[in-house]
Structures are given as C-alpha cells and as structure tokens.
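Please read the structure below before turning to the comments.
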2 protein chains.
Amino acid sequence: MDNQQIKGAGLKVTRPREKILSILERSGHRHLSAEDVYKALLNNGDDIGLATVYRVLTQFEEAGLVCRRHFETGQSVFEINSGDHHDHLVCIRCSRVVEFADPLIEERQGAIAAGHGFRIENHSLVIYGVCAQCAAQ
Amino acid sequence: MDNQQIKGAGLKVTRPREKILSILERSGHRHLSAEDVYKALLNNGDDIGLATVYRVLTQFEEAGLVCRRHFETGQSVFEINSGDHHDHLVCIRCSRVVEFADPLIEERQGAIAAGHGFRIENHSLVIYGVCAQCAAQ
DNA sequence: TAACAAGATGCGAAAGCTTCTCACTCGTCC
DNA sequence: GGACGAGTGAGAAGCTTTCGCATCTTGTTA
C-alpha cells in the first residue's frame with residue numbers, strides 16, 4: 001500500500017502525495033520530470049500545484065522512495081526507487097532510456113574512489129548514444 | 001597559438017574569444033563555470049558581457065575546443081578539451097574535482113551499449129563522495 | 001465526535017542559470 | 001580603406017526550481 005510508504009517516510013498521508021506516488025508507480029520505469037508528473041495530475045483531474053509536485057518529489061527523494069536523475073536535458077527526472085542500483089543509456093535522438101547494471105563497473109568505481117582517498121557516496125553514469133531504431137532511420 | 005585554434009573552428013579571432021580561451025588554458029585543469037570565467041575576465045579588466053561568455057563557450061564546445069560537464073550543482077562547468085577522455089570524482093563537501101580514466105570501465109561501457117543496440121556517442125561518469133581531507137575533519 | 005496544533009497546500013512571486021533580441025561595433029577580404 | 005557579414009553588450013526574457021504566506025488538512029487528544 002502506498003500509504004504505508006508515505007507514513008514510513010514520516011510524512012502525512014495527503015491526496016497530493018498519494019496521487020504523485022501512484023503516478024510514478026503506474027508509469028512503469030519511465031523517467032518523469034516534475035512537469036510530466038504535474039501534467040499527468042492535471043489529466044487525471046487533480047488540482048495540484050506545481051510547487052507541491054516539486055516539494056513532494058524532493059521529500060520522496062529524501063525518504064528514499066524515488067531517485068532523482070540529472071540527464072543533460074536541463075531538467076531533473078524522477079523514478080521509483082526499486083532498490084536495485086542501475087545506470088542509464090540514453091538515446092540522444094529519441095530520448096529513450098534503457099537501464100542497466102554492471103557489477104564490474106561498480107567494482108572498478110569503488111577501487112578508483114578508494115585509490116584517490118574518496119569514500120564513495122553516490123555516482124552517476126550515463127551513456128549517451130543512438131539507439132538501434134534511430135540509427136536505422 | 002590560440003588564434004589558430006579559434007580560426008580552425010571557423011570563428012573570427014576576436015578579443016573576447018582570445019581572452020576566454022586564455023583563461024581556460026591558464027586555469028590548469030580546474031573546472032570553471034561560465035560565471036567563473038566572467039569574473040576572471042572582470043578581474044583582468046576585460047569588459048566582456050556574460051552573454052558573450054555563454055555564447056563563446058557554447059561555440060568552443062561545438063568546435064571541440066572545450067568540454068561542458070554537468071555536475072549536480074545546477075550549473076555547467078567547462079574545461080579545455082585536452083583530447084584524452086576522462087571521468088570525474090567530485091567531493092560533495094568541498095567540491096574538489098579529481099580526474100581519472102579507466103580503460104576497463106570504458107571497455108565495459110562499449111560492450112553494454114553494443115549489447116543494447118546503441119552506438120555510443122558520449123558518456124558521463126561522475127562519482128560523488130567525500131575526499132580524504134574532508135573525511136578527516 | 002469536536003477541537004487543536006503541526007504540517008501541507010496553492011498561488012504568485014522570486015531566484016538562478018542560460019538564451020534571445022537588437023542596435024551597434026569589429027574582423028575579414030577585396 | 002570600405003563594405004559586408006559576423007560578433008558583441010546590455011537588458012529582457014525563458015526555463016526550471018524554490019520561497020513566502022495565507023489557507024486548509026491530517027492526526028491526535030479530550
């Protein structure tokens with residue numbers, strides 16, 4: 001139940017928070033911008049302000065419910081945090097996003113960070129390219 | 001000579017372009033934001049508008065003279081393109097940036113992209129962590 | 001169930017980075 | 001040296017994101 005997740009984050013269960021979480025869940029694994037979420041709410045007939053969307057997404061991020069990604073589009077995108085870390089392949093033509101995980105890369109990153117005296121906290125790996133469909137056109 | 005690089009990019013050699021290139025070169029391998037470049041120009045006594053700084057940096061990027069990086073700070077940073085690809089370790093406390101290159105990671109990225117039918121164009125790997133100095137405090 | 005306090009919301013305003021517009025100026029090439 | 005096209009500066013505008021504040025809700029206590 002969504003409510004449990006929201007409560008678990010120490011947040012009150014309110015309509016905006018339920019709706020936003022449900023939109024992110026229903027979106028499958030698409031990566032939605034705050035604007036996308038806002039538009040989805042409007043389409044649903046929910047009258048929720050854009051400022052609230054940003055606030056709630058930030059709270060969800062802090063609570064670990066969602067992940068915020070910074071692709072090079074100038075806006076942040078959000079996705080449900082399914083627990084398993086992964087990185088992204090982004091098509092520069094059609095913006096399609098493919099997720100992947102590679103233990104070998106993760107391991108090397110740890111080694112590199114350690115080698116430079118860094119305690120690793122987080123990382124972001126995005127590969128930009130042209131997907132098969134776009135290349136075929 | 002800087003002028004050759006600017007001409008080679010099909011751009012006229014103008015004072016703003018010379019000054020900006022020279023600032024980036026003199027900065028060593030620091031990562032400067034457009035604002036940083038602008039301030040450096042002012043300190044030099046050069047009266048060059050911020051809009052011009054952005055324009056020129058974008059042109060230099062298109063010409064391959066500089067690289068633009070998107071760390072998670074909300075602003076882009078620029079560095080001279082020295083030709084050798086590298087990735088970044090960023091300290092989330094003091095913002096220190098360390099560059100590194102890892103052939104193994106590069107190779108895995110190529111394999112992953114190919115496995116998903118992507119023709120790789122570019123990529124961005126940033127590891128965020130706490131550097132030794134900040135951890136010691 | 002009613003009332004209350006803390007927390008949430010919505011709206012518009014504002015901030016921060018970046019780009020655009022447009023009149024003016026400057027390189028380049030003849 | 002002059003003409004033309006490209007480049008510049010200043011401010012306005014655009015975009016994403018955050019803030020401030022009056023109003024409304026949730027969760028709790030009586």
Side-chain angles (χ1 to χ4, degrees), chain A residues 1-23 31-42 44-63 65-78 95, chain B residues 1-23 31-42 44-63 65-78 95:
Chain A
M1 237 12 256
D2 293 2
N3 294 2
Q4 298 313 308
Q5 300 184 253
I6 296 173
K7 271 194 186 135
L11 300 168
K12 286 185 180 173
V13 178
T14 62
R15 197 171 49 81
R17 301 216 252 244
E18 289 180 302
K19 297 289 187 180
I20 291 171
L21 192 50
S22 127
I23 282 175
H31 297 70
L32 303 179
S33 67
E35 192 73 30
D36 291 334
V37 172
Y38 179 62
K39 282 195 208 130
L41 289 166
L42 291 187
N44 265 20
D46 293 307
D47 199 12
I48 291 173
L50 184 54
T52 299
V53 173
Y54 276 102
R55 260 188 308 240
V56 170
L57 286 172
T58 302
Q59 291 161 339
F60 283 180
E61 184 194 9
E62 283 164 359
L65 265 51
V66 308
C67 292
R68 182 194 298 249
R69 310 277 179 186
H70 300 259
F71 298 156
E72 305 197 0
T73 57
Q75 57 183 19
S76 304
V77 293
F78 299 83
S95 300
Chain B
M1 237 10 257
D2 294 3
N3 295 2
Q4 298 314 308
Q5 299 185 254
I6 296 174
K7 272 196 187 136
L11 300 168
K12 285 185 182 174
V13 177
T14 62
R15 198 172 48 83
R17 303 218 252 241
E18 289 180 302
K19 297 288 187 181
I20 291 172
L21 191 51
S22 129
I23 283 176
H31 296 70
L32 303 178
S33 66
E35 192 74 30
D36 292 334
V37 172
Y38 178 61
K39 282 194 206 130
L41 289 166
L42 291 188
N44 266 21
D46 292 307
D47 200 14
I48 290 173
L50 185 53
T52 300
V53 174
Y54 276 102
R55 257 187 311 239
V56 170
L57 286 172
T58 302
Q59 292 162 339
F60 283 180
E61 185 194 9
E62 283 164 0
L65 265 49
V66 308
C67 292
R68 183 194 297 249
R69 309 278 179 181
H70 301 260
F71 298 155
E72 304 197 359
T73 57
Q75 55 182 20
S76 304
V77 293
F78 299 82
S95 300

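As a basis for the values below, the full set of heavy atoms in this structure was taken, side chains included, without hydrogen atoms, waters or symmetry mates. Chain identifiers are assigned alphabetically (A, B, ...) following the order of the sequence lines, protein sequences preceding nucleic acid strands; residue numbering begins at 1 within each chain. In this text the structure is predicted, and so the values were computed from the model without any measurement.
A:Phe78 has its side chain within reach of A:Val66: a pair of non-hydrogen atoms, C-beta onward, lies under 4.5 Å apart. In this structure, the side chains of B:Leu65 and B:Gln59 stay at 4.5 Å or more apart for every pair of heavy atoms. For the pair B:His31/B:Asp36, no side-chain contact is recorded, criterion being any heavy-atom separation below 4.5 Å from C-beta on.
Atom pair B:Leu57:CG and D:dG7:P shows a separation of 15 Å (rounding to whole Å applied). Rounding to whole angstrom units, OH of residue B:Tyr38 and C1' of C:dC17 are separated by 14 Å. If you take CG of A:Leu11 and C1' of C:dG7, they are 10 Å apart, rounded to a whole angstrom. Separating the CD atom of A:Glu61 from the C1' atom of D:dT18 is a distance of 14 Å, rounded to the nearest angstrom. In this structure, A:Asp36 places its CG atom 15 Å from P of D:dC15, rounding to the nearest Å. Rounded to an integer number of Å, the gap from CZ of B:Arg69 to P of C:dT18 is 16 Å. Atom-to-atom, CG of A:Leu42 to C1' of C:dG10 comes out at 13 Å; the value is rounded to the nearest Å.
Side chain of B:Lys12, nearest nucleotide from C:dG12, D:dG7, D:dG27: D:dG7. When distances run from any side-chain atom of A:Leu50 to the nucleotides D:dT17, C:dC11, C:dT9, the shortest one goes to D:dT17. Among the nucleotides D:dA10, C:dT9, D:dT17, the one closest to any side-chain atom of A:Pro16 is C:dT9. Listed nucleotides C:dT9, C:dC20, D:dT18 differ in distance to A:Val56; the shortest reach to its side chain belongs to C:dT9.
Mapping B:Gln75 and A:Ile48 onto DNA chain C by nearest heavy atom places A:Ile48 at the nucleotide closer to the 5' end. Checking B:Ala51 against B:Gly10, the closest nucleotide of DNA chain D that is more toward the 5' end is the one next to B:Gly10. For the pair B:Arg15 and B:Glu35, both in contact range of DNA chain C, the more 5′-proximal nearest nucleotide belongs to B:Glu35.
Nucleic acid contact class of A:Arg17 (heavy atoms, under 4.0 Å, all strands): sugar-phosphate only. Counting non-hydrogen atoms under 4.0 angstrom, B:Ser33 reaches nothing in the nucleic acid. B:Thr52 comes within 4.0 angstrom of a nucleotide base, judged by non-hydrogen atoms across all strands.
Counting distance only, with no hydrogens placed and no angle test, the side-chain atoms of B:Arg55 and the base atoms of D:dG9 include a donor-acceptor pair under 3.5 Å.
Note: B:Thr14 OG1 to B:Lys19 NZ = 11.5 Å, rounded to the nearest 0.5 Å.
A:Tyr54 has a side-chain polar atom (N or O) that falls below the 4.0 Å cut-off from OP1 or OP2 of D:dT17. A sub-4.0 Å separation between OP1 or OP2 of C:dT9 and a side-chain N or O of A:Thr14 is present.
For the residue pair A:Thr52 and A:Arg17, no side-chain donor N or O sits within less than 3.5 Å of a side-chain acceptor on the partner.
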